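Small disclaimer: the values here were computed from a predicted structure and weren't measured. Both counts, for ligands and for their atoms, begin at 1 and track the order of listing. As a basis for the values below, the full set of heavy atoms in this structure was taken, side chains included, without hydrogen atoms, waters or symmetry mates.
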Amino acid sequence: MDYQAVLEEVAAFAKPLVGRGQVADYIPALAGVDINQFGMAVADVDGGVYGIGDWERPFSVQSISKAFSLALVLAEGGGKIWERVGTEPSGNPFNSLVQLEYENGIPRNPFINAGALVVTDRLQTLTGDASTTMLEFLRAESGNPEVSFDPAVAASETEHGDRNAALAHFMASYGNLDNPVPTVLEHYFWQCSIEMSCRDLARAGSFLARHGLRADGSRLLPRREAKQVNAVMLTCGTYDAAGDFAYRVGLPGKSGVGGGIVAVIPGRCALCVWSPGLDTRGNSVAGVAALDHFTTLTGWSVF
Ligand code: DON
């Protein structure tokens, strides 16, 4: 596959959509990002990396971190996490509170905020420092030792974090958090604040394309658990737009309100696309279109 030629065609296709939508403004530190940016990278299972546009510019990973925290909990032997969080799409916005009461403090899946808070809580218990564990993993897998937290984004999220605090306290009232709420929130916000480029994220996500094998060839996850993470990404990774994403793109994918999306083609490669303009459900407008066109051009989807 001539990845570079495909990326050029995809970027040309997505170009008219760059600048559409809105940047996330509910976290003030993200509101100032230039909407007119677009980058895309492919990292194949053999270590080759290809990119186009703003593919080397760091952006806020936000909820893409939720896929890595789930993988890290499973890697630490935390499979019991599935007693505390489900595997069903929520059909609700990522920060919704409504289902939690009906469902006794058990979040529908690990990729809505409530679920990610439970996963972060578990990672904190297993490692003693959830956010540093994630940062170190992302540095190693991306091959970029400069991957860092953005303290301004973390502070901004803390300051505007009432909704996440409400979710965490609510789950604590059901006994579904082991650590104090402020500890869980702190690590969750730091994880979301990590800055990475498309290049870094495509490389960091490629263990999911290698069925659980890390960049150095060691095994992070058994094949079955890599399959499970990919499956939950497919069904829940883009929130209440997961059905539309599966219909258009046909790949496991995880989006973030920074405008990035990581997608996985098992056995072949991981992709990351970034463009900050979001649709009403919090997914990058140009990013989803680019992935749609990528799978159309290559014929590579899981379907
Ligand atoms: O919890 C929040 O509000 C953010 N830090 C992460 C949200 C996010 O990226 C949801 N994604 N689309």
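- In terms of the salt bridge (Lys or Arg N to Asp or Glu O under 4.0 Å) criterion, Glu8 has no residue partners (sequence neighbours excluded).
- Between the side chains of Gln124 and Glu186, no donor N or O sits under 3.5 Å from an acceptor N or O.
- The side chain to side chain donor-acceptor pair (under 3.5 Å) test with Tyr239 is passed by exactly one of Ser90, Ser63, Ser255: Ser63.
- Between the side chains of Asp121 and Asn179, a donor-acceptor pair is found at a separation under 3.5 Å.
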Are any protein N/O atoms closer than 3.5 Å to the N/O atoms of ligand 1? If there are, list each pair with names and the distance to one decimal place.
| from | atom 1 | to | atom 2 | distance (Å) |
| --- | --- | --- | --- | --- |
| ligand 1 | 1 (O) | Asn113 | ND2 | 2.9 |
| ligand 1 | 1 (O) | Asn164 | ND2 | 3.0 |
| ligand 1 | 1 (O) | Tyr188 | OH | 2.5 |
| ligand 1 | 3 (O) | Tyr26 | OH | 2.7 |
| ligand 1 | 5 (N) | Gln62 | OE1 | 2.8 |
| ligand 1 | 5 (N) | Glu157 | OE1 | 2.5 |
| ligand 1 | 5 (N) | Glu157 | OE2 | 2.9 |
| ligand 1 | 9 (O) | Ser63 | N | 3.0 |
| ligand 1 | 9 (O) | Ser63 | OG | 2.6 |
| ligand 1 | 9 (O) | Val257 | N | 2.9 |
| ligand 1 | 11 (N) | Ser63 | OG | 3.2 |
| ligand 1 | 11 (N) | Tyr239 | OH | 3.1 |

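- Salt bridge absent: Arg57 and Asp34 never bring a charged side-chain N and a carboxylate O closer than 4.0 Å.
- Between Phe137 and Phe68, the angle of the ring planes lies from 30° to 60°, which puts this pair in the tilted group.
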